[in-house]
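Working notes for the structure below.
Because the structure is a prediction, the values reported are computed rather than measured. For the single chain, residues carry numbers from 1 onward in sequence order.
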Amino acid sequence: MSQHDPGPPFEAALLEVPAVAKPPVDVPQVEVRRSGRRTRTVTAYRERGTIVVLIPSRMSAADERVFVDSMVAKVLAREAKGAPPRGDRELLHRATVLVDTYLAPLSSPTYPTEVRWVANQRQRWGSCTPSTGAIRLSDRLRSMPGWVLDYVLLHELAHLVEASHSPAFWRLVASYPEAARARGYLEGYLAGQGRADSVEAGLDVD
């Protein structure tokens, strides 16, 4: 797995303290972020070379150590085996992480009501309906790097805040550090198919 691919996040409910799996000796950098929006869940995902763990703001220091160790171990174990296919539930989790990480600091966060794979979008990479909060992603993205999927998903999430391709919209999209690289990847994919479509033409609002 590329270190740029965060993969689907893990989430644990705070109903009981989990057993801590022993992580490998070579433990990566870990960043813990406290969130006032979270009350009963912990999420962990890979962001470049760092494993980010999102925890409730009121979690005690003792519980933080236990949950962070457990979630880091799960991320490392998943990466060692290879990432499983992402389902719709994992896509919705990932959308929440992207909003919290990139869009919430710049705008009033708007979360999708659903994110799902579809097989009938052969000319689009993704689309969204701001009135319902629904986002659909082409299943062609399943085989692409995670940072490309994240770019397309973030593009659609930004449309939930700014429906048009306004300067404010592009400021939101530009918050994603791999935006230019992901656009280049998609342009190369289209060129390889002999198509001259722009990447943005495949990212739409209903």
Side-chain angles (χ1 to χ4, degrees), residues 1-116 133 135 145-147 149-151 153-154 156-158 160-161 171-179:
M1 178 185 294
S2 167
Q3 69 172 356
H4 295 285
D5 183 356
F10 286 102
E11 187 165 84
L14 303 185
L15 300 179
E16 60 182 7
V17 176
V20 179
K22 186 176 180 180
V25 174
D26 184 19
V27 178
Q29 179 178 351
V30 176
E31 179 181 348
V32 178
R33 299 176 185 170
R34 290 180 175 265
S35 170
R37 301 186 191 90
R38 292 178 176 272
T39 58
R40 298 180 64 80
T41 61
V42 176
T43 297
Y45 61 94
R46 174 78 72 170
E47 185 173 274
R48 297 187 177 182
T50 301
I51 293 178
V52 177
V53 183
L54 304 178
I55 65 173
S57 59
R58 295 185 179 182
M59 179 179 283
S60 69
D63 283 347
E64 175 185 331
R65 286 192 295 272
V66 173
F67 274 95
V68 168
D69 286 349
S70 175
M71 299 304 279
V72 167
K74 288 180 179 180
V75 171
L76 294 175
R78 189 276 311 282
E79 292 179 349
K81 294 186 295 183
R86 295 188 179 95
D88 293 348
R89 183 171 178 271
E90 288 75 19
L91 283 178
L92 186 59
H93 283 318
R94 187 61 189 146
T96 300
V97 169
L98 290 171
V99 170
D100 288 343
T101 303
Y102 299 110
L103 302 185
L106 302 176
S107 64
S108 177
T110 301
Y111 296 89
T113 56
E114 68 169 352
V115 184
R116 59 189 177 90
I135 291 175
W147 44 270
L149 169 62
D150 281 355
Y151 169 71
L153 182 51
L154 187 81
E156 301 305 335
L157 290 167
L160 298 182
V161 181
R171 282 193 293 272
L172 293 175
V173 174
S175 68
Y176 181 57
E178 301 290 349

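- Arg34 contributes a side-chain N or O that, together with a main-chain N or O of Met59, makes up a donor-acceptor pair within less than 3.5 Å.
- Using a 4.5 Å heavy-atom cutoff, the side chains of Asp88 and Leu92 are not in contact.
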- Residue pair Val115, Leu157: steps toward the side chain to side chain contact (heavy atoms under 4.5 Å, CB included) verdict: CA-CA 10 Å; Val115 184; Leu157 290 167; 5.6 Å; no
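- Nearest heavy atom pair, residue Ser57 against residue Gly36, reads OG-CA, 3.7 Å.
- Between Ala179 and Val173, the closest heavy-atom pair is CB-O, 4.0 Å.
- The line from CD of Glu114 to CD1 of Ile135 is 9.5 Å long, rounded to the nearest 0.5 Å.
- The CG atom of Asp63 lies 9.0 Å from the CD1 atom of Ile55; values are rounded to the nearest 0.5 Å.
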- Task: Using the side chain to side chain contact (heavy atoms under 4.5 Å, CB included) rule, take Thr101 and Tyr176 through it: C-alpha gap first, then chi angles, then the decisive distance, then the call.
- Result: CA-CA 9 Å; Thr101 303; Tyr176 181 57; over 6 Å; no
- Query: So Val52 and Arg33, side chain to side chain contact (heavy atoms under 4.5 Å, CB included) or not? Walk me through it.
  - Reply: CA-CA 7 Å; Val52 177; Arg33 299 176 185 170; 3.6 Å; yes
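- Within the 3.5 Å criterion, the main-chain N or O of Gly87 finds a donor-acceptor partner in the side chain of Glu90.
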- Item | Val32 and Glu64: CA distance, side-chain angles, deciding distance, side chain to side chain contact (heavy atoms under 4.5 Å, CB included) verdict | CA-CA 9 Å; Val32 178; Glu64 175 185 331; 3.8 Å; yes
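- Screening Leu154, Val99, Thr43, Asp150 for a side-chain contact (heavy atoms from CB on, under 4.5 Å) involving Arg94 leaves a single residue, Asp150.
- Leu98 CG to Tyr45 OH: the interatomic distance, rounded to the nearest 0.5 Å, is 8.0 Å.
- You'll find the side chain of Ser175 reaches within 4.5 Å of the side chain of Leu103, heavy atoms only.
- Nearest heavy-atom pair across Tyr102 and Pro177 is CE2-CD, 3.4 Å.
- With hydrogens and angles disregarded, no donor-acceptor distance shorter than 3.5 Å links the side chain of Tyr111 to the backbone of Ala95.
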